[in-house]
Each structure stands twice: as structure tokens, then as C-alpha cells.
Number of protein chains: 2
Amino acid sequence: MTAYQLDGMIKQPTRIQQKNTAAILEAALQVFSQHGFRGATLDQIADAAGLSKPNLLYYFPSKEAVHKTLLDGLLKTWLDPLRAMNPAGEPLAEIKSYVRRKLKLSRDFPRESRLFANEILQGAPRILDAISGDLKQLVDEKAAVIEAWIAQGRLARVPARHLLFSIWALTQHYADFDVQVRTILDKDHDPFAEAGDFLDVLFDRLLRAAPI
Amino acid sequence: MTAYQLDGMIKQPTRIQQKNTAAILEAALQVFSQHGFRGATLDQIADAAGLSKPNLLYYFPSKEAVHKTLLDGLLKTWLDPLRAMNPAGEPLAEIKSYVRRKLKLSRDFPRESRLFANEILQGAPRILDAISGDLKQLVDEKAAVIEAWIAQGRLARVPARHLLFSIWALTQHYADFDVQVRTILDKDHDPFAEAGDFLDVLFDRLLRAAPI
DNA sequence: ATTTTAGTTGACCGAATGGTCAGGTTGTGG
DNA sequence: CCACAACCTGACCATTCGGTCAACTAAAAT
């Protein structure tokens, strides 16, 4: 028998199954985020997870399945901060809060960020549906909120979607280009702490509606 | 015989050699930028270049050599716009000009941008020397220029290195995440034209020294 | 025209790849 | 304690990988 079931995998019966699938996904995250889908090997993942390759394939039917599971789980986490943006809140505070949350994701889950970046770099072959579906829909919704704020004069005039791009670019950069950032900054700097302050200033100056 | 020489490859004798190495590098750029180093295969590159695999290996000694040649050539192009930043110029104009040049690179050489991104994502194993050497030195130099401008009150107070990070992140995002950007923007938008305007506003508001 | 050099390739090699399978071991409910 | 399911693995398979080589052809140089 195999440990996976194709239909929505409703139950996770045994404790050992939970432990091993978790170990596999953890190892796969490490390897996929560093080498991309094609550059990663099952042996590498199995090894990092402390399992034999056939044992790994007992829990997942294929390399693709491991990758897909990882991406699916990631997407929710990735979009949650944007979902949390409250139309009824104070515009500038809501945006800055989103930036902070997103930067914290970069700091605490850099491998997830790199996994996502890797997938997009390759043309998002395994995730394009989600992008043109859920993500696009959410962005449309939140862009409308931002545009309403602008129309009310509570936020400086900027193209809403490009504002979101800028938030993604600026926060994810610190995870995706971590090596470069740390090489250029000297040892005694904390990239994420400094980035937090900098981005706060940046979005404050960009978005604070001109008085009058 | 082989077509490559290890010592600085001074001469490129024949016309056919120029044509084929160019075709190989063009094909390799395509493949490496999409799949990363490990995900790319020599067969794929040879095929895209219209050559047989042994024929490709007649011009380059190994997969690694092709990749290295590509990266070395890229780094100069990548840093030139920063080098062009003139300490004697008007600060805000210099920065904005740098942003424009960098955005144009993203528009005209997106594959080069993705190749670079791929390499950094993987921890820059094949390019770390250049980053901690030439790049760091150039950044130190230009950061000093920016800090001087700030000290003179000709630019708003921002951390110079993070300012550079923000320029890289915001411009390269449009190349590296092209698929996502185009999916979210509707068909009739020109991402790079809009980005040009947006980034001009962004850096203007961020950097314009507060009057007084 | 002939020799030398540059360019090209099919066939091949050992290693690594994703994945299978038969059979073994371990855990668990009755 | 037994039976049954869950779990695990060595051996194996077909394919692909980076790279080599001897032999062939095309182009220059003499």
C-alpha cells in the first residue's frame, strides 16, 4: 500500500505518517528552494529527510507531487497578509501593516520565498492557474480598495497594482537576495531590522496624501 | 583540437567560431535563466543552439564553463549603470537616471536578469567572489557618494545601501517576475512604461529633500 | 593539389536520475 | 499471541546526464 490518497487526502492516520511527511516537506523545501524543480533530486530530498528514496515514494507518488504539495501549502500563507488588509481601516496604517507582515514572512520563511521566486522565474508552469485565479482575484479586490482610498484623498495617487508589486519586490528581495544583501551589508548589520525602518519611511513618503 | 584556450582567450580566429560561440551563449542564456544551472542540460542548450552536443563541447570544455562565461559577461553589463552615476551631478537626477537605466535593462535583457536572480537564489556559489569583490567595492564607493549628498542636505535622509537595494528590487522585479506582473496587469497594459512612471514618482517622493 | 588545420558527429561510457517491486520488518487492534 | 495493516528497503530498470573519442568532412594555407 501507499500512504497517499489522491482524493483530497482527508485523514492523516498515524503519527509516524505525520512525522515523515513533515520531514519530507521540510527537506524538499530546502532542496527545491535552492535548486529549483529540475535541479532538485529525489535522492537529495530523501537524504535530507533521513529516509530512503523508496520510502519517500511511499508517502508521495512522485517528485512533482512533493513539489505541488509544497506550493499549494505556500500560496495560502503567502496571500494571507494581503487578505488581512482591512478596507475599513486607516489606509496608510493598513498598507504599512501589510508591508511589515510581508517583511516578517521574508525574515521567518526565506526558503518559502525563494521557492516561490524559483517557480515564477521558470514561468510559473506549475502555479499559473493559482496566479491567474486566486491571486489575480484577490489583487483585483484589494486594488479596488486602494483606489477607493485614493479617490477619497486618504492616500496619495499611485497605481494600485504597481504599489502592490513594489511591496512584494521590496520585501521579498531581502529573502530572495539574502546572500547579496548580507555580503554588501557588513557583518554587524541586521538586514531585516534596517529594512523595516527603511520601508516604513519609504511607504510613508510615497503614500502620505499631500496636505490640502 | 578544441576551440577554446584556457588563458584569457585572446583571439577569436575564425568567423564560424564567432557565430557558434554566440549561438551557444544565446541558447545557454535561454536555458540557464529558465531552469538554473543544475536544471539545465547540455542537450537542451546544444539543441537550442542548433548544434550537436559534442560540437558544443568543442567550443566550451564543460557545462560549468558555459555558465561561467555567461555570468562573467553579465556582471559588467549589470554594474555599468551604477558606475555611470556621477558624483558631480544633481543628486536626485542622478538617482532617477540610474533607476531608468536599470529598468531599461530589465525590459531589454530580462533573461540576463533572471540568470542573475537564479544564481543569487542558489546562494551565488559561482559568483560570490565577484559580489564580495567588485560589486561590494562599487557599492561602498557609491554609497559614500549618496551619503555625502545626504550630508549636504541635497537628498532626503535614507540608508544608502538600502536605497540601492530598493532600486535593484523594484527594477529587477519587472524582469524576474514578468509572468506574475503580466498575469495581474491586463493585456492592454505595458508593464515597463507604467513602472517607469511609478518608480519616478516613488523615488521623487522618497528622496526629495524636505524644504528647509 | 596537397597538406594542415578547423569543424563536426555517431557511437559510446560511467554515473545519476525518477520510479518500481517483491519481500521483509515493525507496529497495532483484537 | 495472532493477524493484519502500515512501514521500510535492497535490488533493479529504463532513461538521461555530462563528457570522451576516433573518425570524418570542410576550409585554409602552402
Side-chain angles (χ1 to χ4, degrees), chain A residues 1-7 9-25 27-28 30-32 34-71 122 125-126, chain B residues 1-6 9-28 30-32 34-71 122 125-126:
Chain A
M1 263 304 275
T2 57
Y4 51 89
Q5 53 254 49
L6 298 140
D7 52 304
M9 43 195 72
I10 317 144
K11 50 183 178 180
Q12 194 82 328
T14 75
R15 212 148 272 164
I16 185 163
Q17 199 163 136
Q18 286 187 7
K19 191 193 60 164
N20 281 347
T21 55
I24 291 170
L25 290 175
Q30 184 71 32
V31 177
F32 279 134
Q34 193 172 354
H35 297 291
F37 180 74
R38 291 191 28 173
T41 74
L42 282 180
D43 292 276
Q44 229 179 329
I45 297 171
D47 201 54
L51 300 175
S52 67
K53 186 166 56 171
N55 200 176
L56 188 158
L57 288 162
Y58 171 75
Y59 291 101
F60 291 90
S62 67
K63 181 182 175 182
E64 180 111 24
V66 180
H67 193 255
K68 183 171 162 27
T69 302
L70 225 40
L71 275 186
Q122 287 167 26
R126 278 165 271 273
Chain B
M1 262 305 273
T2 57
Y4 52 87
Q5 54 254 49
L6 299 141
M9 43 195 75
I10 318 144
K11 50 184 178 182
Q12 194 83 330
T14 75
R15 212 149 269 161
I16 185 164
Q17 200 164 132
Q18 285 187 7
K19 191 192 60 168
N20 281 347
T21 54
I24 291 170
L25 290 175
E26 159 71 21
Q30 184 69 33
V31 177
F32 278 134
Q34 195 173 352
H35 298 291
F37 180 75
R38 291 192 29 173
T41 74
L42 283 180
D43 291 275
Q44 228 179 329
I45 297 171
D47 201 55
L51 300 173
S52 66
K53 185 167 58 170
N55 200 9
L56 187 158
L57 287 163
Y58 170 75
Y59 291 101
F60 291 90
S62 67
K63 180 183 177 181
E64 180 111 25
V66 180
H67 192 256
K68 182 171 161 31
T69 302
L70 226 41
L71 275 186
Q122 287 167 27
R126 278 165 271 271

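Letters go in sequence order (proteins before strands), and every chain restarts at 1.
Residues satisfying the side-chain contact (heavy atoms from CB on, under 4.5 Å) criterion with A/Gln44, sequence neighbours excluded, are A/Val31, A/His35, A/Thr41, B/Arg38. With sequence neighbours left out, A/Gln34 forms a side-chain hydrogen bond (donor to acceptor under 3.5 Å, both in side chains) with no residue at all.
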Reading 5' to 3' through nucleotides 12-30 of chain C, protein heavy-atom contacts under 4.0 Å coded B for base, S for sugar-phosphate only, - for none: -----SBBBB---------
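Computed from coordinates, the B/Asp47 CG to C/dT9 C1' distance equals 15 Å when rounded to whole Å. When rounded to the nearest whole Å, the span between NZ of B/Lys19 and C1' of C/dT8 equals 12 Å.
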Steps toward side-chain contact (heavy atoms from CB on, under 4.5 Å) verdict (A/Phe32, A/Leu71): CA-CA 10 Å; A/Phe32 279 134; A/Leu71 275 186; over 6 Å; no
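Taking 4.0 Å as the cutoff to heavy atoms of chain B, we find the contact window on DNA chain D bounded by D/dC17 to D/dC21.
A distance of 9.0 Å separates CD1 in A/Ile24 from CD1 in A/Ile45, rounded to the nearest 0.5 Å.
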Show me the donor-acceptor pairs within less than 3.5 Å that the side chains of residues 51-59 of chain B make with the rest of the protein, sequence neighbours left out.
from    : atom 1 : to      : atom 2 : distance (Å)
B/Ser52 : OG     : B/Asn55 : N      : 3.3
B/Lys53 : NZ     : B/Asp43 : OD2    : 3.4
B/Tyr59 : OH     : B/Asn20 : ND2    : 2.9

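Residues in residues 59-69 of chain A take part in these salt bridge (charged side-chain N to carboxylate O under 4.0 Å, His left out) pairs, two or more places apart or across chains: A/Glu64-A/Arg126, A/Lys68-A/Asp72.
Taking 4.0 angstrom as the limit, B/Asn55 places none of its side-chain polar atoms (N or O) nearer than this to OP1 or OP2 of C/dG10.
Of all the heavy atoms in B/Ala23 and B/Ala49, the pair that sits closest is O-CB, 3.7 Å.
Among the protein residues, B/Tyr59 comes within range of the sugar-phosphate backbone only, with heavy atoms under 4.0 Å from sugar or phosphate atoms but none that close to a base.
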